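Take a look at the structure set out below.
Just so it is clear, the structure is predicted and the values come from calculations on it, not from any experiment. In this chain, residues are counted from 1 in sequence order.
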Amino acid sequence: MKQSLCAEYLRISDADAAHLVQLAAPAATTEGGTAGLVGQGAEKLILEHFVQVPDEDALDIDTDWESLLRSLTGNPIDGQALGDPLAEAILGADRVSRKPMAAVIRAGRVGEVYQTLSSIDLAARIADNGSLIDDATAAQRYSELVAFYEATMRSGAAVLVAIS
């Protein structure tokens, strides 16, 4: 069954990414749990980035993110391997919120994500791992994703991934 959540990718400054990571860092609470961005209005902070970022700094791959994740990594969302540039290209690296599900990729990591993403053979990955969308749509979405990461790498920016 196809996922109904949509994924959007924003090019943001590395300082903004660092700020989101810092706010999301767990802090001890008096009840023995942790608090972070989830408890501090994550949705509002993340939405502000969407309002401020110009269209040319954003990529919306709608619901096709799940199929790309499966095709690129062979894993559904619950199989994400931290440190895997292909999984990070779709899901982000440093989680900053659970609702919406959001993560950032710091500027220093974007180049490795781009290099790994651009070096794979998508058709071979689809043959090995399958796809939930047709091959033409998968190729188009993949091409858009690669171009987004290339432009992000060249600009020295970070990425904010939001799946909601």
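In this structure, Glu112 and Glu88 have side chains that are not in contact, with every pair of non-hydrogen atoms separated by 4.5 Å or more. Residues Arg125 and Leu86 have side chains in contact (heavy-atom distance under 4.5 Å, counting atoms from C-beta outward). Counting only heavy atoms from C-beta outward, the side chains of Glu144 and Leu59 approach each other to under 4.5 Å. Proximity of Leu69 to Leu91: side-chain heavy atoms (C-beta onward) are separated by under 4.5 Å at one or more points. Phe148 is listed as a side-chain neighbour of Arg11, based on a closest heavy-atom distance under 4.5 Å. The shortest side-chain heavy-atom distance between Arg141 and Leu145 does not fall under the 4.5 Å cut-off.
Of the N and O atoms on the side chains of Asp64 and Ser67, not one donor lies less than 3.5 Å from an acceptor on the other residue.
For Asp55, the CG atom is loosely surrounded, since the number of other residues' heavy atoms within 6.0 Å does not exceed 12.
Between Ala138 and Leu122, the shortest heavy-atom contact is O-CD2, 3.7 Å.
With salt bridges taken as basic N to acidic carboxylate O contacts below 4.0 Å, one links Asp14 and Arg106.
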Distance-only check: which donor-acceptor pairs under 3.5 Å involve side-chain atoms of residues 155-164, not counting sequence neighbours?
residue	atom	partner	partner atom	Å
Ser155	OG	Ala151	O	3.4
Ser155	OG	Thr152	O	2.9
Ser155	OG	Ala157	N	3.4

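Partner of Leu72 under the side-chain contact (heavy atoms from CB on, under 4.5 Å) criterion, out of Ile90, Asn129, Thr116: Ile90 alone.
Summarising the geometry, atom CD belonging to Glu150 is positioned 3.5 Å from atom OH belonging to Tyr114; distances are rounded to the nearest 0.5 Å.
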Practice task
Could you check Leu68 against Ile61 for side chain to side chain contact (heavy atoms under 4.5 Å, CB included), going step by step and ending with a plain yes or no?
Solution key: CA-CA 10 Å; Leu68 283 178; Ile61 62 170; 4.0 Å; yes
